[in-house]
Amino acid sequence: MSVVEQYARAHIVSDDAIPVDEAVPVILRYDPETDPRSVRFALPGTPEWTCSRSLLERGLRAPAGTGQVRVWPCGRVQAVVEFHSPQGVSVVQFETKALLRFLRRTYMAAAPVSR
């Protein structure tokens, strides 16, 4: 089994007076040897975030998550991943197809782990 790493572009959604229009690079990682149930997100300037693969998959179809990471579809072509920490909330908008492509690659690397 090998590590899956994929680069994606995402938009940070902000309520600042001047909206940020540039996409930021995000690294999506999956390591079936270390943790076959989890995926990781590396955003610029922040620690890596971890959530379950199943949460990411469920969140692409309907709102999912109640803890530090929440995912929901945003229209037909985008998805939002919300990261909660004591310092605040980061809301990141991805193209759904990038997250689906990443999930497909993780399932090719390792089948879902039953609980």
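- Atom CD of Glu5 is separated from atom CG of Asp31 by 10.5 Å, given to the nearest 0.5 angstrom.
- In this structure, CZ on Arg53 lies 13.0 Å from CZ on Arg58, to the nearest 0.5 angstrom.
- A distance of 11.5 Å separates CD of Glu57 from SG of Cys51, quoted to the nearest 0.5 Å.
- The minimum heavy-atom distance linking Val71 with Leu60 is given by the pair CG1-N, 4.3 Å.
- Summarising the geometry of Ala110 relative to Pro32, their closest heavy-atom pair is CB-CB, 3.8 Å, with the distance given to 0.1 Å.
- In the hydrophobic cluster analysis, where Ile, Leu, Val, Met, Phe, Trp and Tyr join through side-chain heavy atoms closer than 4.5 angstrom, Leu43 is grouped apart from Tyr7.
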Practice problem: Might you work through the ring pair (Phe, Tyr, Trp, His ring centres under 6.0 Å) test for Trp49 and Phe83, ending with a clear yes or no? | Solution: CA-CA 8 Å; Trp49 289 90; Phe83 302 101; 5.0 Å; yes
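- The environment of CD in Glu82 is crowded: more than 12 heavy-atom neighbours from other residues, nucleotides or ligands sit within 6.0 Å.
- Of the inter-residue distances, the one linking Thr50 atom OG1 with Leu55 atom CG reads 11.5 Å to the nearest 0.5 angstrom.
- Side chain of Tyr30 to backbone of Arg40: no donor-acceptor contact under 3.5 angstrom is found.
- Ile27 and Val24 fall into different hydrophobic clusters, where Ile, Leu, Val, Met, Phe, Trp and Tyr are joined by side-chain heavy atoms under 4.5 Å apart, directly or via other members.
- Taking 4.5 Å as the limit, every side-chain heavy atom of Gln93 sits out of range of all side-chain heavy atoms of Val91.
- Atom CZ of Phe94 and atom SG of Cys74 lie 13.0 Å apart (nearest 0.5 Å).
- Residues Val39 and Leu28 have side chains not in contact (no heavy-atom distance under 4.5 Å, counting atoms from C-beta outward).
- Atom OG1 of Thr106 sits about 15.0 Å away from atom CZ of Arg29, to the nearest 0.5 Å.
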